[in-house]
Amino acid sequence: MLYDEKGQPVESANQVDSISNQDLEKIQAYLQGCVYTWCNTKEKESFCAADFAGGTNYYWQGTPLWSLFESRLKYYREECPKETEEQLIARAADQAGKDLGWILKSVLIKDKRSFTTHKGFHSAHYTWDGKTDNDTLE
């Protein structure tokens with residue numbers, strides 16, 4: 001479950017339709033694993049999509065995330081024929097990163113644990129509250 005800063009449930013995220021359902025499911029599973037690892041190792045720290053696939057984790061080749069980047073690069077090559085390859089890659093990477101944020105949000109909405117979202121400097125950040133839907137609230 002995902003809750004906003006006011007404690008209200010977040011029920012939807014933008015859909016990413018630039019990849020196949022099969023690729024989307026692989027990315028969701030990949031991100032679910034990232035979230036589980038984060039919660040087990042950095043329980044009290046907030047996270048965002050860039051923590052799993054940005055900064056030093058920018059190398060997506062060999063992961064399910066690569067299909068997201070490739071789909072965006074293909075799109076920009078068709079839509080922006082006058083741009084250089086470097087510009088196209090930058091556009092594709094930027095949009096794929098945004099798409100990944102929407103996919104992460106959808107994963108957290110479906111998760112059995114409770115997360116709170118809050119605005120970071122450039123993107124949404126999430127914090128696990130330490131509870132799952134199996135916990136009883138007092």
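Side chains are part of it too, since the values below use all heavy atoms of this structure and drop only hydrogens, waters and symmetry mates.
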Grab the two heavy atoms, one from [X] and one from [Y], that are nearest each other, plus how far apart they are.
| X | Y | result |
| --- | --- | --- |
| Trp128 | Cys39 | CE3-CB, 3.7 Å |
| Cys48 | Ala124 | CB-O, 3.2 Å |
| Ala96 | Leu68 | O-CD2, 3.4 Å |
| Leu65 | Ala53 | CD1-CB, 3.6 Å |
| Ser71 | Ser18 | CB-O, 3.2 Å |
| Ala13 | Ser106 | CB-N, 4.0 Å |

Taking only residues two or more places apart in sequence, or in another chain, which ones meet [X] in a side chain to side chain contact (heavy atoms under 4.5 Å, CB included)?
| X | answer |
| --- | --- |
| Cys34 | Tyr30, Phe52 |
| Lys42 | Trp38, Glu45 |
| Glu25 | Gln28 |
| Gln95 | Arg72, Tyr76, Lys98, Asp99 |

For Trp102, what residues pass the ring-ring contact (aromatic ring centres under 6.0 Å, His included) criterion, not counting sequence neighbours?
none
Criterion side chain to side chain contact (heavy atoms under 4.5 Å, CB included) on Ile27 and Val16, from CA distance to verdict
CA-CA 11 Å; Ile27 292 170; Val16 175; over 6 Å; no
Kindly indicate whether the side chain of Phe115, heavy atoms from C-beta on, has any atom under 4.5 Å from the side chain of Lys105.
no
May I ask you to test the His118-Ser46 pair for a side-chain heavy-atom distance under 4.5 Å?
yes
Begin with the C-alpha distance, continue with both residues' side-chain angles, and end with the deciding distance and a verdict on side chain to side chain contact (heavy atoms under 4.5 Å, CB included) for Leu104 and Val35.
CA-CA 9 Å; Leu104 175 60; Val35 171; 3.8 Å; yes
Give a yes or no on whether [X] atom [atom1] has more than 12 heavy-atom contacts from other residues, nucleotides or ligands under 6.0 Å away.
| X | atom1 | result |
| --- | --- | --- |
| Glu85 | CD | yes |
| Gln15 | CD | no |
| Gln22 | CD | no |

Show, in sequence, the C-alpha distance, side-chain angles and deciding distance for Tyr126 and Asp111, and conclude whether the side chain to side chain contact (heavy atoms under 4.5 Å, CB included) test is met.
CA-CA 13 Å; Tyr126 306 98; Asp111 199 294; over 6 Å; no
Between Met1 and Phe47, is there a shared hydrophobic cluster once you connect ILVMFWY residues whose side-chain heavy atoms come closer than 4.5 Å?
no
I need the full list of salt bridge (charged side-chain N to carboxylate O under 4.0 Å, His left out) pairs touching residues 2-23, with sequence neighbours left out, sorted by first then second residue.
none
The reported gap from CG in Leu73 to CH2 in Trp66 (rounded to nearest 0.5 angstrom) is 8.0 Å
How long is the span from the OG1 atom in Thr63 to the NZ atom in Lys26, to the nearest 0.5 Å?
11.0 Å
Output, in order, the C-alpha distance, side-chain angles, deciding distance and verdict of side chain to side chain contact (heavy atoms under 4.5 Å, CB included) for Lys74 and Glu78.
CA-CA 6 Å; Lys74 179 182 177 190; Glu78 293 170 2; 3.4 Å; yes
Judged by atom type as modelled, is there a donor-acceptor pair below 3.5 Å linking the side chain of Asp94 to the main-chain atoms of Arg91?
no
